[in-house]
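Residue numbers start from 1 in every chain, and the chains themselves are labelled A, B, ... in the order their sequence lines are given, proteins ahead of strands.
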Number of protein chains: 2
Amino acid sequence: MAKLDFSPIADTTRRAEIVALLRRAILTGQLEPGQKLNELRISEQMRVSRAPLREAMRELVQEGILTSIPYAGTFVIDVTAKDIDDAYSLNKVLDEFAIERTWKLRDQRFFDELDRRHEAVKQATRALDTTRQIETALQLHGLIYEWADNSVLLETWQRLTSRLQMYFALHQRARNEPVPAEDVHETYVRLLKGADMRAAQRHAREHIDLDFEELLAYARGLEQRTSKG
Amino acid sequence: MAKLDFSPIADTTRRAEIVALLRRAILTGQLEPGQKLNELRISEQMRVSRAPLREAMRELVQEGILTSIPYAGTFVIDVTAKDIDDAYSLNKVLDEFAIERTWKLRDQRFFDELDRRHEAVKQATRALDTTRQIETALQLHGLIYEWADNSVLLETWQRLTSRLQMYFALHQRARNEPVPAEDVHETYVRLLKGADMRAAQRHAREHIDLDFEELLAYARGLEQRTSKG
DNA sequence: TCTTGTAGGATTGTCGACAATCTGCTTGTC
DNA sequence: GACAAGCAGATTGTCGACAATCCTACAAGA
C-alpha cells in the first residue's frame, strides 16, 4: 500500500466556525477595542442560536482577546501601551529561546517553508494589502516557533500573536498610510539560513524592536488622547 | 474618608463556580488524565444544566487542561514525558526573565509575602498534606511572576502552572510516599532576598531541575508501561 | 473468517424560551 | 433643582428539549 498521510478533517461544529469568524473580525480591527459584543444581535446576523455563540466567546475570552464581565457583557480587550510593552519584552525572550531550540532542527523543509512565507509577505506588500501583510509577517515570524518542537512554547506564541496582530492592525488602520515597500525581512531570513545562531538571535531582537517602537509610540499617543477627552 | 481598597466581589455565575470545581478536580488528580467527562452525568451531579457546564469546559479547554474532540467528547489532557520536558525547558527561560523583571521592584512587601508563602509550604510539609504542599510550593514560586509587573508573563506562567500542578499531583499520587521533610526552598528564598541576581537566577534554574528530573523519570516510566500494555 | 452494512442506544451539538440581572428613564418628594 | 425609589426595556445567564453524530453490537454476504 502506498504510504499516505491524511490530515484530520475539519471540525464542522458551528462553534468552531463562529470562533474563526469572531477571531478574524477582532484581529483585523472590524471589531474595535473596548467594543461590546451583543449576543442576540450577533447570533441573528450569523443565523445561529446563542448557545454555540456563547461557547465560542468563552474560548476567545480564554484566548485573551475578549474580556467578560458577568451580567454586563463581553468586550473586545482594550489596547494599552503597557500591554504592548509587556508582550514586546516577553517576545524578545521567547524569540531567543525559539531560535535556540529550532537551530539544530533546521533542514531543507524548514528553509523551503521559510522562503514560502517570506514570499507571501512580499506579495502582500506589493499588493498593498496591509491586513494580509501583518498576517503573513507574523506567520513568517512564527515558523521558528512551529519548528522548535515545543508545544507549550508554540501555544504561548500563538496567544501572544493574537494580541500582536490586533495591535498591529489597529496601528495600521490609524495611520492609514501604505506600509514601507522595502523588504524588511531579508536579513532575518538570511540569518536564519546561516551558521551564526547568536547573530540570528541578536537580529531577531533588534528587528522586532523597530516594529514595536513605532507601535508603542502610537499606543502612548492613543492613551494621551483618550485621557484628555 | 479613610483610604480603603475593596476587592471585587465574587463572580456569582454558575459557570464560574463550575470552572473552579472542575479545575480543582483535575489539578488534584480526582479526574485522571485521559478520562472522559460525561456532560449529562456531571451536570446531574452538580444540579446544573448542560449550558453553563459546557461553557465552563470550553474555558478549561482553552486553559490547556482539557481537550475536546467534536461529537466525541471532552477529556482530561494526557501527561506525556514530552509535555513535561517542554514545560520544563520553557519554565527555565521564564524564570530567568521573571527574576530579572522583579529584581528592581523588590520591597518590604515583597519580602514579607515571600516569607508568608514560604511559611505556608513548610506548614503543609509538616502536615504531610502533599496536595497542599504542591499548591503552596507553586504559589511561592509564582511570586516572582506576580511581582514582575508583566501581565502577559503572568498569564503565561499561570497556564504553565496548571499543567505543572497536574503533573506533580499525579506524581505524588503514584509514588504515594511522604514528601521529603527538609526545607528545599530555604536557599531559593534567601537568594531572592539577597543582592546577587545572577546567583538567584542560577539557583532557580537548578532548583526546578531537581524537581523535574524526578517528574520526568516518572512520566517516562508511565509511558513505557502503557505502551507495553 | 473477515469484511461490510445496519439498526439501536448513548452522547454531543444546537435551539428557543424563561429567569436573573443590569441600565436608563420616569416619577414623586423635599 | 437635586435626589431617591421604582418601573420598564434590554441583555445576559440558565434551562429543558430536540437534532446531529458517534459507538457498539449484530447480522449478512463474500
Which heavy-atom pair separates [X] from [Y] by the least distance, and what is that distance?
X: B/Arg101; Y: A/Ser89; result: NH1-OG, 3.5 Å
X: B/Ile18; Y: B/Ala56; result: CG2-CB, 3.6 Å
X: B/Leu60; Y: B/Leu22; result: CD1-CB, 3.5 Å

Should [X] be listed as having a side-chain N or O under 4.0 Å from OP1 or OP2 of [N]?
X: B/Ser49; N: D/dT14; answer: no
X: B/Arg58; N: C/dG13; answer: yes
X: B/Arg50; N: D/dC15; answer: no
X: B/Arg54; N: D/dT14; answer: no
X: B/Arg41; N: C/dT11; answer: no

A/Ile18 near the nucleic acid: base, sugar-phosphate alone, or nothing, with a heavy-atom cut-off under 4.0 Å?
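Answer is nothing: A/Ile18 stays at 4.0 Å or more from every strand.
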Once you apply a heavy-atom cut-off of 4.0 Å, does A/Leu53 come out as touching a base, just sugar-phosphate, or nothing?
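Answer is nothing: A/Leu53 stays at 4.0 Å or more from every strand.
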Donor + acceptor pair across side chains of A/Thr74, A/Arg54 (<3.5 Å):
no
Given atom [atom1] of [X] and atom [atom2] of [N], what is their separation to the nearest angstrom?
X: A/Glu55; N: C/dG13; atom1: CD; atom2: P; answer: 7 Å
X: A/Glu44; N: C/dC15; atom1: CD; atom2: P; answer: 13 Å
X: A/Arg14; N: C/dC15; atom1: CZ; atom2: C1'; answer: 9 Å
X: A/Glu39; N: D/dT12; atom1: CD; atom2: P; answer: 5 Å
X: A/Glu17; N: D/dA20; atom1: CD; atom2: P; answer: 16 Å
X: B/Arg15; N: C/dA19; atom1: CZ; atom2: P; answer: 21 Å
X: B/Asn38; N: C/dT12; atom1: CG; atom2: C1'; answer: 10 Å
X: A/Met46; N: C/dC15; atom1: CE; atom2: C1'; answer: 17 Å

Using the six-membered ring wherever Trp is involved, compare the ring planes of B/Phe110 and B/Trp147 and label them parallel, tilted or perpendicular (cut-offs 30° and 60°).
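B/Phe110 and B/Trp147: perpendicular rings.
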Nucleotide nearest A/Lys36 when distance is taken to its side chain, options C/dG13, D/dT14, D/dT12:
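Selected nucleotide (nearest to the side chain): D/dT12.
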Could you check which of C/dT12, C/dT21, D/dT14 has an atom nearest any side-chain atom of A/Tyr71?
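Closest of the options to the side chain of A/Tyr71: C/dT21.
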Map A/Ala72 and A/Pro52 onto DNA chain C by nearest heavy atom, then report which one ends up closer to the 5' terminus.
A/Pro52
